[in-house]
Amino acid sequence: MKKREPKPRKRKSVGLALGGGGARGLAHIGVIRVLRQAGIDIDYIAGTSMGSLVGGFYAATQDIDLLEKLFSNITEKDMVPIRKMLHVHSKLESPFKDTKPVVEILKSHIKGFSIEKCKIPFAAIATDAKSGDMVVLKKGPLVEAIQASSALPLVFAPVTVNGRLLSDGGMVDPVPADVVRDMGAEYVIAVDVSSRWPDISEETVSIHGIKSIIADALPALEYQLVRRIITKADIALRPPVMQYHWFDFPEAKDIIKQGAEEIALHLKEICRSTGYPEPKKTPVQKFVDFLFDDTL
């Protein structure tokens, strides 16, 4: 009598909640790359600010190689116009003006895309600049939604979408785990690259540490928002990228690597929880496991 083959486990739909953080958000590229290599499908994506750019581009094209290549080619020279404008406190029309590599990404590859036509269901998070309400953009031009979600106050000018003045979504939902859950994701992976609670010491509360306190204010505010929203996620990843500044795009390769390494640490857990088979180990990985197997 033949043994019955065990029924394969039903795979859960996977949603990515990608947070904002400027150049630190390039870690999302590494996260997506490792998920793809592991054969894990990404069924839904919601992104805030830089998370909307990476997530929106991937949702539209599913071409993570091109996205990584374009960002990896950004140099310090490309960032000079942005740094000069910030120094004199000028506002930009959008987060993509005068940053040629990013402009090329948008114009050449996703210009004309509507969110509804994305290959993966996608939502961008923005803030109504007049009311402070959260706005979830699931329809309309993709580039416009990304621009609105990334319009950081005091740095970039708000963007008008459907008659509403919208700015950076990080003020209302820095890591939109709740949104991607509502979209239908059964298993939510949240990636937080910008929130943290400051390391308070006697030195930092002194007058000499006031500059440090001010610098930590925004990440601390985001931390308070994120800690409530992140409960909607099944797993929260925090790649170690806080040492990078908002405009450190020339450090793209290192930041992407940090994202890849962070999710690789949790891949077994994600596979077990979603019903996907664990990726096969290379001979080197098997040898390392043998050396450190304490059950022998």
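Any value given below was found using the heavy atoms of this structure, including those in side chains, with hydrogens, waters and symmetry copies removed. Along the sequence shown, residues carry numbers from 1.
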Is the backbone of [Y] close enough, under 3.5 Å, to the side chain of [X] for a donor and an acceptor to pair up by distance?
| X | Y | answer |
| --- | --- | --- |
| Asp43 | Val14 | yes |
| Glu116 | Gly140 | yes |
| Glu186 | Ser13 | yes |
| Arg24 | Val193 | yes |
| His245 | Gly22 | no |

Would you list the pairs meeting side-chain hydrogen bond (donor to acceptor under 3.5 Å, both in side chains) in which at least one residue belongs to residues 157-170, sequence neighbours left out?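 Only Ser49-Asp168, Asp128-Arg164 qualify under side-chain hydrogen bond (donor to acceptor under 3.5 Å, both in side chains).
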Please enumerate all residues that pass side chain to side chain donor-acceptor pair (under 3.5 Å) together with [X], with sequence neighbours excluded.
| X | value |
| --- | --- |
| Arg33 | Asp65, Glu68 |
| Asp41 | Tyr276 |
| His266 | Glu262 |
| Asp182 | none |

Apply side-chain contact (heavy atoms from CB on, under 4.5 Å) to Ala124 and list each qualifying residue two or more places apart in sequence or on a separate chain.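 Residues passing side-chain contact (heavy atoms from CB on, under 4.5 Å) with Ala124: Ser52, Phe122, Leu137, Ala145, Ser149.
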Sequence neighbours left out, what passes side-chain contact (heavy atoms from CB on, under 4.5 Å) with Tyr187? Give chain and number order.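 For Tyr187 the side-chain contact (heavy atoms from CB on, under 4.5 Å) partners, ignoring immediate neighbours, are Lys12, Ile189, Asp234, Ile235, Ile270, Ser273, Thr274.
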Do [X] and [Y] make a side-chain contact, defined as non-hydrogen atoms from C-beta onward lying under 4.5 Å apart?
| X | Y | result |
| --- | --- | --- |
| Ile32 | Val54 | yes |
| Gln243 | Glu251 | no |
| Asp192 | Pro174 | no |
| Leu152 | Ser150 | no |
| Asp254 | Tyr244 | yes |
| Val241 | Leu26 | no |

Show the nearest heavy-atom pair for residues [X] and [Y], with the distance to one decimal.
| X | Y | answer |
| --- | --- | --- |
| Arg11 | Pro277 | NH2-CD, 3.6 Å |
| Leu142 | Cys118 | CD2-SG, 4.2 Å |
| Asp63 | Leu66 | OD1-N, 3.0 Å |
| Ile230 | Ala236 | CG1-CB, 3.6 Å |
| Leu166 | Ala148 | CB-CB, 3.9 Å |
| Val175 | Ala190 | CG1-CB, 3.8 Å |

side-chain contact (heavy atoms from CB on, under 4.5 Å) between Phe71 and Ile255, worked out: CA-CA 11 Å; Phe71 274 109; Ile255 298 172; over 6 Å; no
If you link I, L, V, M, F, W and Y whenever their side-chain heavy atoms are under 4.5 Å apart, who else ends up in the same group as [X]?
| X | value |
| --- | --- |
| Ile229 | none |
| Met171 | none |
| Val179 | Tyr44, Ile125, Met134, Val136, Val172, Val180, Met183, Val188 |

Tell me every residue that passes salt bridge (Lys or Arg N to Asp or Glu O under 4.0 Å) with Asp178, counting only those two or more places apart in sequence or in another chain.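 Asp178: no salt bridge (Lys or Arg N to Asp or Glu O under 4.0 Å) contacts found.
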Please enumerate all residues that pass salt bridge (Lys or Arg N to Asp or Glu O under 4.0 Å) together with Glu144, with sequence neighbours excluded. none
Rounded distance (nearest 0.5 Å) linking atom [atom1] of [X] with atom [atom2] of [Y]:
| X | Y | atom1 | atom2 | value |
| --- | --- | --- | --- | --- |
| Glu269 | Ile263 | CD | CD1 | 10.5 Å |
| Arg181 | Lys232 | CZ | NZ | 8.0 Å |
| Leu18 | Leu237 | CG | CG | 10.0 Å |
| Ile256 | Ile29 | CD1 | CD1 | 4.0 Å |

Is [X] linked to [Y] within one hydrophobic cluster, defined over Ile, Leu, Val, Met, Phe, Trp and Tyr using a side-chain heavy-atom separation of less than 4.5 Å?
| X | Y | value |
| --- | --- | --- |
| Ile120 | Val143 | yes |
| Val159 | Leu165 | no |
| Leu67 | Leu70 | yes |

Under 30°, 30 to 60°, or over 60°: which ring-plane class applies to Phe57 and His109, parallel, tilted or perpendicular?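 Rings of Phe57 and His109: perpendicular, over 60°.
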